[in-house]
Protein chains: 2
Amino acid sequence: MLNYQVAAPAPLDLAFQALADPTRRVMVERLSQGPASVSELARPLDMTLSAVVQHLAVLEASGLVRSQKIGRVRTCRIEPQTFTAAERWLSERRASWERRFDRLGAFLAETEAETGADDDPATPSAAPGVRRRRKKT
Amino acid sequence: MLNYQVAAPAPLDLAFQALADPTRRVMVERLSQGPASVSELARPLDMTLSAVVQHLAVLEASGLVRSQKIGRVRTCRIEPQTFTAAERWLSERRASWERRFDRLGAFLAETEAETGADDDPATPSAAPGVRRRRKKT
DNA sequence: CTGATACTTAAGTGAATGCTTAACTATCAG
DNA sequence: CTGATAGTTAAGCATTCACTTAAGTATCAG
């Protein structure tokens with residue numbers, strides 16, 4: 001069970017990072033309505049073509065967008081898979097706390113009927129503090 | 001219909017930016033299982049408490065996490081709303097291209113029956129190139 | 001009061017970002 | 001061939017980021 005975390009950029013890092021920029025989200029919004037060329041993506045944006053190309057590079061590196069060049073025109077389109085990965089991460093977290101709320105709800109409903117308190121399922125375990133230092137000796 | 005885009009950081013910028021960091025995602029994963037103190041969040045992380053507090057500040061600024069201090073312990077918990085906003089943005093984009101695929105599917109099914117070709121609904125409109133320069137004269 | 005615990009805050013640093021300008025390389029139209 | 005179009009690539013630069021160390025400030029236990 002190796003995780004990235006050290007030195008290698010996890011796919012989700014790149015995806016969320018790419019989506020964090022408003023310019024790039026505008027580009028993704030445009031592409032979600034259908035493929036577009038680079039200059040088409042650039043049209044509504046208040047910056048040089050060069051900057052747009054750099055944003056595109058970020059989107060491609062993240063896997064959210066794919067492109068191919070035909071003649072002198074590069075056509076870009078959305079790559080659904082990476083997109084879905086980001087969506088899934090979010091919904092999994094939500095599932096996690098919603099499960100917890102359900103349990104809490106059940107607990108409250110139970111103690112409402114017969115007042116015999118147990119252990120609060122939403123309370124953190126509160127452990128002693130041990131500090132770490134980074135690898136650097 | 002004013003949008004952020006200029007000078008002010010849109011809520012989604014902050015949310016996606018916050019989620020782009022693996023350390024912060026670990027923190028969010030922990031919190032999605034229930035509230036936790038700062039040192040509890042720091043325990044599995046290979047960095048100083050100080051750094052964790054700074055990550056927490058980013059998460060709070062993004063609205064993904066909320067915290068309150070009782071005595072000397074700060075308890076952190078997930079704030080579902082902002083989370084949902086990010087999820088919604090993603091699913092709306094997906095809805096957009098899925099609608100397009102449906103139309104394409106319908107179009108193909110139609111031309112399969114009676115071969116009378118029209119205009120490809122997935123093809124970009126290809127307009128002339130006009131370059132902008134940033135505000136700076 | 002005294003010492004640990006649980007953060008807080010400030011300053012500094014190297015690397016990553018989001019641009020710009022400038023100079024270039026392929027198409028494609030005539 | 002010639003000029004416009006579409007994109008590419010390389011510097012350079014101001015900011016922001018993700019840390020670190022260092023020096024606090026409130027609790028709380030004894």
Side-chain angles (χ1 to χ4, degrees), chain A residues 5-10 13-14 16-27 35-43 45-62 67-76 124 126-137, chain B residues 5-7 9-10 13-14 16-27 35-43 45-62 67-76 124-137:
Chain A
Q5 200 90 330
V6 188
D13 287 36
L14 298 176
F16 284 130
Q17 180 69 269
L19 293 174
D21 187 279
T23 298
R24 280 184 308 252
R25 282 202 309 279
V26 167
M27 293 170 75
S37 70
V38 175
S39 355
E40 243 179 306
L41 286 177
R43 189 113 26 88
L45 302 172
D46 186 26
M47 62 183 66
T48 62
L49 224 207
S50 182
V52 173
V53 170
Q54 288 170 63
H55 278 300
L56 179 61
V58 172
L59 286 169
E60 290 208 56
S62 76
S67 79
Q68 60 179 330
K69 198 167 183 175
I70 297 175
R72 55 183 169 171
V73 175
R74 176 172 296 280
T75 302
C76 315
V130 183
R131 190 84 49 74
R132 259 147 295 33
R133 210 29 57 81
R134 196 96 187 299
K135 50 256 178 179
K136 193 202 120 194
T137 22
Chain B
Q5 200 90 330
V6 187
D13 287 36
L14 299 175
F16 284 130
Q17 181 69 268
L19 293 174
D21 187 279
T23 298
R24 279 182 311 248
R25 283 202 308 280
V26 166
M27 292 170 75
S37 70
V38 175
S39 358
E40 242 179 306
L41 287 176
R43 190 113 26 86
L45 301 171
D46 187 24
M47 62 183 66
T48 62
L49 221 210
S50 182
V52 173
V53 170
Q54 289 170 62
H55 278 301
L56 178 61
V58 172
L59 286 169
E60 291 208 54
S62 76
S67 78
Q68 61 180 329
K69 196 165 184 177
I70 297 175
R72 56 182 169 172
V73 176
R74 176 172 297 278
T75 303
C76 315
S125 40
V130 183
R131 191 85 48 73
R132 257 146 297 32
R133 206 38 50 84
R134 197 90 187 300
K135 50 252 176 181
K136 192 199 120 193
T137 20

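In what follows, every chain begins at residue 1, and chains take the letters A, B, ... in the order their sequences are listed.
- Straight-line distance from the CG atom of A:Leu49 to the P atom of C:dA23: 18 Å, rounded to whole Å.
- Here the straight-line distance linking atom CG of B:Leu49 with atom CG of B:Leu56 works out to 10.5 Å at 0.5 Å rounding.
- In this structure, of D:dC19, C:dC7, D:dT9, it is D:dC19 that holds the atom nearest to the side chain of B:Thr23.
- When atom types are taken as modelled, the side chain of A:Arg24 and the backbone of A:Ala18 share a donor-acceptor pair closer than 3.5 angstrom.
- Side-chain contact between B:Val38 and B:Val53: present, with at least one pair of heavy atoms (C-beta onward) separated by less than 4.5 Å.
- Distance CZ (B:Arg25) to C1' (D:dA18): 15 Å, rounded to an integer number of Å.
- Of the candidate nucleotides D:dT20, C:dT21, D:dA6, C:dT21 has the atom lying nearest to any side-chain atom of A:Thr48.
- Taking atom CZ of A:Phe16 as the reference point, atom C1' of D:dC17 lies 19 Å away to the nearest angstrom.
- When the nearest nucleotides of DNA chain C are assigned to A:Asp21 and B:Arg74 by heavy-atom distance, the more 5′-ward of the two goes with B:Arg74.
- Which of D:dG7, D:dC19, C:dT21 sits closest to the side chain of B:Met47 comes down to D:dC19.
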Could you write out each protein N or O paired with an N or O of nucleotides 10-16 of chain C at a distance under 3.5 Å?
residue: C:dA10; atom: N6; partner: B:Ser50; partner atom: OG; Å: 3.4

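- At whole-Å resolution of the value, CG in B:Asp13 and P in C:dT17 are 15 Å apart.
- The minimum heavy-atom distance between B:Leu14 and B:Ser62, with the atom names listed, is O-CB, 3.4 Å.
- Atom SG of A:Cys76 sits about 6.5 Å away from atom CD of A:Glu60, to the nearest 0.5 Å.
- Counting to the nearest Å, the C1' atom of C:dC7 and the CD atom of B:Gln68 are 15 Å from each other.
- The CD-C1' distance, from B:Glu60 to C:dT8, rounds to 13 Å in whole Å.
- Of all heavy-atom pairs between B:Val52 and B:Leu45, the closest is CG2-CD1, 4.0 Å.
- Put simply, the side chain of B:Arg25 gets close to the backbone of B:Leu19: a donor and an acceptor are under 3.5 Å apart.
- Distance, A:His55 NE2 to D:dG7 C1': 16 Å, rounded to whole Å.
- Look at CG on A:Leu56: it is 14 Å from P on C:dG18, rounded to the nearest Å.
- Regarding contacts with the backbone of C:dT8, a side-chain N or O of B:Lys69 is found under 4.0 angstrom from either OP1 or OP2.
- Between the axis at the start and the axis at the end of the helix from C:dC1-D:dG30 to C:dG30-D:dC1 there is an angle of 30°, using five pairs per end and rounding to 10 degrees.
- By the 4.5 Å heavy-atom criterion applied to side chains, A:Arg43 and A:Ser39 are not counted as neighbours.
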Between the protein and nucleotides 26-30 of chain C, which nitrogen or oxygen pairs are less than 3.5 angstrom apart?
residue: C:dT27; atom: O2; partner: A:Arg72; partner atom: NH1; Å: 3.1

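- With rounding to the nearest 0.5 angstrom, the CE atom of B:Met27 is 9.5 Å from the CG atom of B:Asp21.
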